[in-house]
There are 2 protein chains.
Amino acid sequence: MPRAGLSPDGVVDAAINLVDTDGAAALTLSAVAGSAGVATPSLYKHVRSLAELRQLVTLRVLDELADRVSEAAMGRSGDDAVRAVMRAYRSYVVDHPGRYAAMEQTPATEPPLAAAADRLLGAVLAVLRGYDLDGPALIHAARCLRSAVHGFAVLEASGGFGLPEPLEESYELLIGMVISGLR
Amino acid sequence: MPRAGLSPDGVVDAAINLVDTDGAAALTLSAVAGSAGVATPSLYKHVRSLAELRQLVTLRVLDELADRVSEAAMGRSGDDAVRAVMRAYRSYVVDHPGRYAAMEQTPATEPPLAAAADRLLGAVLAVLRGYDLDGPALIHAARCLRSAVHGFAVLEASGGFGLPEPLEESYELLIGMVISGLR
DNA sequence: CCAAAAAGCTAATCGAATTAGCCAAAGCCG
DNA sequence: CGGCTTTGGCTAATTCGATTAGCTTTTTGG
């Protein structure tokens, strides 16, 4: 019988599909193995552990997110850029809630993740350079932007917003808050 | 030999201690049983499952948080009240990062949790009544406040903020954003 | 064509959750 | 007090997921 032809990336692909369809809690090695058509221990030829797989998934998500956000910022500046970045961020979460939720199971302190997070942070910082903020003020502003966006994303992805009012409007208000606080 | 004298509340107490000292990931039935001086299956006389224990922990945390926030709001109004509420919320997270992190492992959709979350939301809404917002606008404002505060809390509790700039200053900026966006 | 590396597999271990069924301690009532 | 019932704890046993060990076969390079 021929081989399954897996690879580390292939395993991550399967894991991503899994969290997309069944949610972040469904990310287990046996489920990944099953969906890849392979016995569980075989996965260890490609990833060291479940913890590492989680990290790889987080890495992938962080990269996808950074791409979207960077692209949104391109060619824009000032308030307009901030708006575009924040909308792009949320659109990713709306499109892939499971992936976003999967990130939260990973300790953010691992070096490889820190690097990817920096890429994302870089895109945000670039957008904030349009405002005349000195070094520390830039950091504070970036943290606030991140908090707002991440907080909304987490709550939305986990179904934390109950009421029927449209979330788009709430988010536009949040964007307004960030922008008005940046002046 | 005398009994251990456990109770549902006692089990939750032990669980809270555990997440306080060892982090949210350490919340397992065997660890709780161990720290309560009891065999694991004995816990089932007090809680139905690990999932239920998690819910009870979340419930406890939500209540503590709502208390702090409500108390902070008491006797204040307007911007002053918003500031106090936001600071009180963060102070809880700073005091008990493990407890806050433990909440995120629980699906927020369970009815008993929704009730407690409503209490917390109520405290927030009360503070926002000082601004003249109609019904939907009030909801949107509450969601934004919640997103900002929760986003910052999650990032801080999980060590997501790397740089050395003091977090207090970042948080004060966030408070300013929310307040300026509320006008 | 052959040897070494790579990718699968099965068998086995470990730890955590959960269930079943037994037994003693506490509380209650006469 | 004596007994009954409820309650809380225990041990044994099952299940499932992660992980390790060791074997086998495919691929690949020379």
Side-chain angles (χ1 to χ4, degrees), chain A residues 1-59 98 101-107 110 112-113, chain B residues 1-59 98 101-107 110 112-113:
Chain A
M1 54 205 104
R3 287 195 186 175
L6 274 193
S7 68
D9 276 340
V11 175
V12 175
D13 289 344
I16 295 266
N17 282 333
L18 204 56
V19 301
D20 277 349
T21 63
D22 299 347
L27 179 48
T28 95
L29 288 182
S30 23
V32 170
S35 95
V38 114
T40 307
S42 305
L43 294 179
Y44 286 84
K45 297 290 171 161
H46 306 285
V47 297
R48 292 184 190 295
S49 64
L50 173 60
E52 192 196 53
L53 176 56
R54 288 217 181 99
Q55 269 188 37
L56 293 174
V57 168
T58 297
L59 218 46
M103 280 204 301
E104 296 179 68
Q105 301 181 321
T106 320
E110 304 300 328
L113 296 190
Chain B
M1 56 202 101
R3 288 194 185 176
L6 233 27
S7 68
D9 277 339
V11 175
V12 175
D13 289 343
I16 294 266
N17 282 333
L18 204 56
V19 301
D20 277 349
T21 63
D22 299 346
L27 180 48
T28 100
L29 287 183
S30 23
V32 171
S35 95
V38 117
T40 307
S42 305
L43 294 179
Y44 287 82
K45 298 289 173 160
H46 307 285
V47 298
R48 292 184 190 294
S49 64
L50 174 60
E52 192 195 54
L53 176 56
R54 288 218 181 99
Q55 270 189 36
L56 293 174
V57 168
T58 296
L59 218 46
M103 280 203 301
E104 296 178 69
Q105 301 181 319
T106 319
E110 304 300 329
L113 296 190

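The sequence lines fix the lettering, A, B, ..., with proteins before strands; numbering per chain opens at 1.
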Subject >> Residue mapping more 5' on DNA chain D - nearest nucleotide basis, B:Gly5 or A:Ala51 >> reply: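 Looking at the nearest nucleotide for each, B:Gly5 comes out on the 5' side.
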
**OP:** Verify the contact: side-chain N or O of A:Ser30 to OP1 or OP2 of D:dC16, cut-off strictly under 4.0 Å; return yes or no.
**Re:**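 So the side-chain polar atoms of A:Ser30 never come under 4.0 Å of the phosphate oxygens OP1 or OP2 of D:dC16.
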
**OP:** Rounded to the nearest angstrom, tell me the gap between atom CG in A:Leu50 and atom C1' in C:dA16.
**Re:**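 Interatomic distance, CG of A:Leu50 to C1' of C:dA16: 15 Å.
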
Original post:
In whole angstrom, what separates A:Leu53's CG from D:dG17's P?
Top reply: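 Interatomic distance, CG of A:Leu53 to P of D:dG17: 15 Å.
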
Original post:
Heavy atoms, side chains only, cut-off 4.5 Å: are A:Val57 and A:Thr106 in contact?
Top reply: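 No; the side chains remain at least 4.5 Å from each other.
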
Subject >> Residue pair A:Leu59 / A:Val12, side-chain heavy-atom distance below 4.5 Å >> reply: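 A:Leu59 vs A:Val12: side chains apart.
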
Subject >> Residues touching DNA chain D, which here means a heavy atom under 4.0 Å, drawn from residues 10-27 of chain A >> reply: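 Correct list: empty, so none.
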
Subject >> B:Ala36 versus B:Leu6, closest heavy-atom pair with distance >> reply: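 Reported closest heavy-atom pair: CB-CD2, 4.0 Å.
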
**OP:** For B:Ala14 and B:Ser35, work out which heavy atoms get closest and say how close.
**Re:**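 Where B:Ala14 meets B:Ser35 most closely, the heavy atoms are CB-OG, 3.8 Å.
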
Subject >> Set of residues satisfying side-chain contact (heavy atoms from CB on, under 4.5 Å) with respect to B:Thr28, sequence neighbours excluded >> reply: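 With sequence neighbours excluded, B:Thr28 shows a side-chain contact (heavy atoms from CB on, under 4.5 Å) to B:Ser30, B:Ala31, given in chain and number order.
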
Subject >> Pairs touching residues 7-18 of chain A that satisfy side-chain hydrogen bond (donor to acceptor under 3.5 Å, both in side chains), sequence neighbours left out >> reply: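 Of all non-adjacent pairs touching residues 7-18 of chain A, those that pass side-chain hydrogen bond (donor to acceptor under 3.5 Å, both in side chains) are A:Asp13-A:Arg60.
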
N/O donor to acceptor pairs below 3.5 angstrom from side-chain atoms of residues 38-51 of chain A, sequence neighbours left out:
from: A:Ser42; atom 1: OG; to: A:Ala39; atom 2: O; distance (Å): 3.2
from: A:Ser49; atom 1: OG; to: A:Ala51; atom 2: N; distance (Å): 3.4
from: A:Ser49; atom 1: OG; to: A:Glu52; atom 2: N; distance (Å): 3.1

Original post:
By salt bridge (charged side-chain N to carboxylate O under 4.0 Å, His left out), which residues pair with B:Asp20, not counting sequence neighbours?
Top reply: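 Result, salt bridge (charged side-chain N to carboxylate O under 4.0 Å, His left out) vs B:Asp20: B:Arg99.
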
Original post:
What parts of residues 33-49 of chain A reach DNA chain C, counting only heavy atoms under 4.0 Å away?
Top reply: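 Residues of residues 33-49 of chain A that come under 4.0 Å of DNA chain C are, in numerical order, A:Val38, A:Ala39, A:Pro41, A:Ser42, A:Lys45, A:His46.
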
